[in-house]
Amino acid sequence: MSQQGLDLIFEQILSGGLVFRDRNLLRHDYMPATLPHREEQIRRLGSVLAPALSRERVSNLFAYGKTGTGKTIVTRFVLDRLQRKAKDHGRAVDTSYVNCRLAGTNYRVIADLCRALGEDVPFTGLAVGELFDRLRNALQSRESAFLVVLDEIDALVKRSDDDSLLYELTRINERLDGGWIGVIGISNDLHFKDFLDPRVLSSLGEEELVFKPYSSEELYDILKDRAEQAFQEGVLDDGALRLCSALAAGEHGDARRALDLLRVAGEIGERAKEERILESHVRMAQQKVEHDRVTEVLSSLPLHSRILLISVLHLESARKESSVTGDVYEVYRGLCSAAAVEPLTQRRISGLLNELDIMGIINARVVSFGRYGRTKKIRLGVEPQAVKSAFGNDELVRGLLEYAPRGLPGHQGR
DNA sequence: TGTCCACTGGAAGGGAGGGCTT
DNA sequence: AAGCCCTCCCTTCCAGTGGACA
């Protein structure tokens with residue numbers, strides 16, 4: 001491309017481009033001035049948290065609903081307004097937002113909370129009890145209200161199979177006479193409550209807030225609101241907007257998904273130098289969004305999961321039917337020895353297969369063959385081509401893609 | 001009706017890699 | 001440096017299981 005051509009692209013982007021006026025409005029972390037169809041939840045959450053302004057303790061709250069139903073943005077929205085109000089009136093309200101799935105462990109969640117209060121803590125090494133002490137001391141010395149948002153709180157409980165963190169957090173106020181802590185738990189698993197200790201549940205679930213999936217019409221309103229400012233006038237076809245809403249509504253009313261589709265559709269049109277964004281662009285966007293998700297997940301897989309996935313791939317291309325755990329494990333061991341890698345045990349592989357299943361990369365189903373035992377039937381859940389291209393950069397694994405394990409077709413499936 | 005297969009999945013624990021306090 | 005305590009990733013052990021078969 002000539003330097004002039006490149007210059008032109010940059011200029012176009014700087015002037016907002018032919019398609020977009022401001023594409024950032026279509027990102028899901030963008031905070032709009034209003035949140036359509038969530039007035040009820042905003043009011044409820046606002047009234048639960050309002051006492052914080054006068055330093056009174058607030059009830060803990062538990063918000064649940066599926067992904068993209070506005071839980072996170074509503075919470076952030078209300079906290080943001082609350083903090084502004086507090087500032088106007090010279091009151092101190094500290095807030096912290098932690099995504100428990102990203103944080104990963106109890107330790108890291110509390111460490112994040114400590115840091116939000118200005119307490120410097122190491123990323124590992126301390127006893128959890130010690131961290132709690134530090135958190136308590138920080139709260140005590142600040143004498144402020146501390147509102148904590150624990151997003152994807154279910155990940156924490158399920159992973160560590162231990163809700164002591166939540167128990168301690170909800171009880172921390174009992175031993176404080178200066179500041180206090182209010183917990184807002186967010187979960188997209190509606191059955192999450194079943195995992196909780198009744199004591200935690202009664203304390204955390206003092207208030208409950210439910211986020212229903214958006215309907216297609218509601219999504220349309222949300223998208224229209226943002227699209228009007230995000231796109232240049234007259235660029236976006238109304239049919240494209242309707243299709244985005246309908247597709248996302250089909251996927252449990254996910255606003256995040258709808259915004260992604262719209263943004264990617266715009267970008268596809270922009271790159272093709274189209275003057276209008278039509279339904280066809282949304283269809284292409286849908287494919288691209290899915291492809292990107294798979295590629296991202298695949299490229300973040302650790303070595304053994306990669307070898308395992310290649311084993312499934314080999315079996316599937318050799319047989320055209322689903323394989324069982326034992327067969328997959330055998331091929332996996334073969335590949336490991338070809339790559340001079342120490343294989344993991346079958347128990348561990350069984351766990352990895354479950355993980356791949358949850359991610360949607362394979363489909364695994366427990367079946368019984370009666371006299372011939374009980375096992376998992378395993379099929380690849382993504383396009384073989386996607387696996388090959390995602391692993392293309394991995395020298396070690398790329399060799400295994402070409403490697404033909406011995407005795408594959410002769411080994412009959414049942 | 002009992003047996004038996006090929007696993008599944010829970011539980012416990014080891015050890016590597018890390019940091020803290022004394 | 002020693003003694004703790006943490007997480008992460010893994011192994012070992014083993015009870016449990018659905019359903020075809022004798």
Side-chain angles (χ1 to χ4, degrees), chain A residues 98-115 119-138 150 152-153 155-169 191 194-197 297 300-309 311-312 315 319 321-337 339-359 361-379 396-397 407 411-414:
Chain A
V98 183
N99 184 306
C100 301
R101 192 175 48 79
L102 295 182
T105 61
N106 284 355
Y107 184 97
R108 276 185 261 179
V109 171
I110 312 166
D112 275 357
L113 299 183
C114 287
R115 285 188 205 109
E119 191 79 6
D120 201 22
V121 290
F123 67 93
T124 175
L126 289 184
V128 171
E130 164 68 18
L131 272 191
F132 260 113
D133 288 344
R134 292 195 186 187
L135 179 64
R136 202 175 288 124
N137 292 340
L150 299 178
E152 301 196 54
I153 195 170
L156 206 58
V157 176
K158 280 184 209 155
R159 194 177 309 185
S160 59
D161 199 26
D162 158 24
D163 46 18
S164 61
L165 165 79
L166 299 180
Y167 182 69
E168 290 292 332
L169 265 185
H191 300 292
D194 306 343
F195 293 91
L196 285 181
D197 185 293
V297 172
S300 66
L301 287 181
L303 177 66
H304 285 281
S305 299
R306 290 180 180 219
I307 300 178
L308 192 55
L309 195 55
S311 312
V312 177
L315 276 167
R319 288 207 199 129
E321 59 181 282
S322 46
S323 359
V324 297
T325 308
D327 298 344
V328 174
Y329 187 64
E330 216 167 289
V331 174
Y332 160 83
R333 283 186 70 103
L335 292 182
C336 279
S337 84
V341 172
E342 191 68 26
L344 302 176
T345 57
Q346 185 158 344
R347 174 70 188 86
R348 180 68 190 129
I349 289 305
S350 177
L352 289 183
L353 285 172
N354 283 345
E355 285 174 24
L356 291 175
D357 184 25
I358 289 168
M359 290 185 242
I361 298 175
I362 62 169
N363 297 313
R365 190 164 51 94
V366 178
V367 289
S368 173
F369 293 110
R371 191 155 174 48
Y372 302 105
R374 209 166 161 254
T375 182
K376 266 204 273 271
K377 269 197 165 186
I378 296 154
R379 297 219 68 159
L396 180 69
V397 170
H411 198 100
Q412 280 304 310
R414 283 173 293 259

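Per chain, numbering begins at 1; letters A, B, ... match sequence-line order.
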- Message: A side-chain contact here means heavy atoms from C-beta on lying under 4.5 Å apart; do Val324(A) and Val367(A) qualify?
- Response: no
- Task: If a protein heavy atom is under 4.0 Å from the base, mark B; if only from the sugar-phosphate, S; if neither, -; do that for nucleotides 14-22 of chain C going 5' to 3'.
- Result: --BBBBBS-
- Item | For Arg306(A), all residues meeting salt bridge (charged side-chain N to carboxylate O under 4.0 Å, His left out), sequence neighbours excluded | Asp394(A)
- Name all residues meeting the salt bridge (charged side-chain N to carboxylate O under 4.0 Å, His left out) criterion together with Arg134(A); count only those two or more places apart in sequence or in a different chain, and write none if there are none. Glu130(A)
Take the protein atom [atom1] of [X] and the nucleotide atom [atom2] of [N], then report the distance between them rounded to whole Å.
X         : N       : atom1 : atom2 : value
Ile378(A) : dA6(B)  : CD1   : P     : 16 Å
Ile110(A) : dC5(C)  : CD1   : C1'   : 13 Å
Leu352(A) : dC8(C)  : CG    : C1'   : 13 Å
Glu355(A) : dG9(B)  : CD    : P     : 13 Å
Leu353(A) : dG9(B)  : CG    : C1'   : 13 Å
Arg348(A) : dT8(B)  : CZ    : P     : 14 Å
Glu342(A) : dT11(C) : CD    : C1'   : 12 Å
Leu303(A) : dC8(C)  : CG    : P     : 20 Å

- Assign each of Gly326(A) and Arg134(A) the nucleotide of DNA chain B bearing its closest heavy atom; nearer the 5' end lies the nucleotide of Gly326(A)
- Item | Residue list, side-chain contact (heavy atoms from CB on, under 4.5 Å) with Asn137(A), at least two apart or on another chain | none
- Shortest side-chain distance from Thr375(A), nucleotide among dC7(B), dC20(B), dC10(C): dC7(B)
- Query: Can you name the nearest heavy-atom pair linking Val328(A) to Ser311(A), along with the distance?
  - Reply: O-CB, 4.0 Å
Using residues 342-354 of chain A as the side-chain source, report each donor-acceptor pair under 3.5 Å to any protein atom, sequence neighbours left out, with the distance given to one decimal.
| residue | atom | partner | partner atom | Å |
| --- | --- | --- | --- | --- |
| Thr345(A) | OG1 | Arg348(A) | N | 3.4 |
| Asn354(A) | OD1 | Lys376(A) | NZ | 2.7 |

Within the pair [X] and [N], is there a side-chain N or O less than 4.0 Å away from OP1 or OP2?
X         : N      : value
Lys376(A) : dA6(B) : no
Ser350(A) : dT8(B) : yes
Asn354(A) : dT8(B) : no

When you compare the protein's N or O atoms with those of nucleotides 14-16 of chain B, which come within less than 3.5 Å of each other, and at what distance?
none

- Item | Trace of the side-chain contact (heavy atoms from CB on, under 4.5 Å) decision for Leu356(A) with Val312(A) | CA-CA 11 Å; Leu356(A) 291 175; Val312(A) 177; over 6 Å; no
- Query: Atom CZ in Arg333(A), atom OH in Tyr329(A): separation rounded to 0.5 Å?
  - Reply: 4.5 Å
- Note on the structure: When rounded to the nearest 0.5 Å, the distance separating CD1 of Ile362(A) from CD1 of Ile378(A) is 5.5 Å
